[in-house]
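Working notes, beginning with the structure itself.
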Amino acid sequence: ASLVPPKAVHLLNISSETIMKISGSVEIILAVLLLVGAYTRIVAGIVILHLAGIIWALGYGDLAVRDFGLLLAAASLILSGAGAWSLDPD
């Protein structure tokens with residue numbers, strides 16, 4: 001069973017495997033940016049939108065609950081901003 005909704009595969013006209021690879025690549029890039037504290041609030045906002053789309057596509061389940069927790073963590077980064085050791089200026 002694919003985690004990618006059939007409507008997304010039809011709409012984008014690419015395979016679900018390709019969609020998962022693109023999504024994974026985007027998640028890695030965003031995670032590295034958050035890790036080093038580059039554009040923290042902007043990246044956290046993008047992460048929230050990405051996770052909200054995943055939660056909406058999956059419906060209620062184990063993965064959606066995990067992703068909701070990550071969404072809340074990203075929301076806290078928007079509120080708190082970057083830390084003292086980040087690349088973002090004060």
Side-chain angles (χ1 to χ4, degrees):
S2 175
L3 295 176
V4 179
K7 287 183 181 180
V9 174
H10 180 69
L11 178 69
L12 298 173
N13 199 25
I14 55 177
S15 70
S16 60
E17 181 179 316
T18 303
I19 293 172
M20 291 297 289
K21 287 180 182 179
I22 292 169
S23 178
S25 299
V26 168
E27 288 175 3
I28 289 170
I29 292 166
L30 294 174
V32 168
L33 288 172
L34 286 177
L35 185 65
V36 298
Y39 309 104
T40 304
R41 286 191 163 114
I42 295 168
V43 172
I46 295 168
V47 168
I48 287 174
L49 294 174
H50 181 69
L51 289 170
I54 292 171
I55 293 166
W56 176 77
L58 290 177
Y60 182 76
D62 293 347
L63 292 175
V65 170
R66 180 207 60 190
D67 287 345
F68 184 71
L70 293 172
L71 185 144
L72 293 177
S76 73
L77 286 174
I78 286 180
L79 296 175
S80 66
W85 291 1
S86 70
L87 297 178
D88 280 347
D90 290 347

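All figures in this text were calculated on a predicted structure; none of them were measured in a lab. Hydrogens, waters and symmetry mates are skipped; everything else that's a heavy atom, side chains included, is used.
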Inset, instruction - Could you walk me through whether L12 and T18 pass side-chain contact (heavy atoms from CB on, under 4.5 Å), step by step? - result: CA-CA 10 Å; L12 298 173; T18 303; over 6 Å; no
Legend entry - Shortest non-hydrogen contact between A38 and V43, atoms and distance: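 Nearest pair, atom of A38 first, then V43: O-CG2, 3.7 Å.
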Legend entry - Closest non-hydrogen atom pair between L77 and A44, with its separation: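 So the two residues come closest at CB-CB, 4.0 Å.
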Scan the side chains in residues 52-70 for donor-acceptor partners under 3.5 Å anywhere in the protein, sequence neighbours excluded, and list what turns up.
none

Inset, instruction - First locate atom OG of S86, then atom CG of L35, and finally report the distance between them rounded to the nearest 0.5 Å. - result: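 S86 atom OG to L35 atom CG measures 11.0 Å (nearest 0.5 Å).
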Quick check on the hydrophobic clustering: are [X] and [Y] connected, directly or via other members, by side-chain heavy-atom contacts under 4.5 Å?
{"X": "I29", "Y": "L51", "value": "yes"}
{"X": "L72", "Y": "I46", "value": "yes"}
{"X": "I42", "Y": "L87", "value": "no"}
{"X": "V26", "Y": "L71", "value": "yes"}

Legend entry - E17: partners by salt bridge (Lys or Arg N to Asp or Glu O under 4.0 Å), with sequence neighbours left out: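 Once residues adjacent in sequence are excluded, the partners of E17 under the salt bridge (Lys or Arg N to Asp or Glu O under 4.0 Å) criterion are K21.
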Inset, instruction - Using atom types as modelled and distance alone, determine if a side-chain donor or acceptor of S23 lies under 3.5 Å from a backbone N or O of M20. - result: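 Flag not set: sc S23 to bb M20 has no pair under 3.5 Å.
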Legend entry - Check: T40 and L34 side chains under 4.5 Å, non-hydrogen atoms: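 Sidechains of T40 and L34: in contact.
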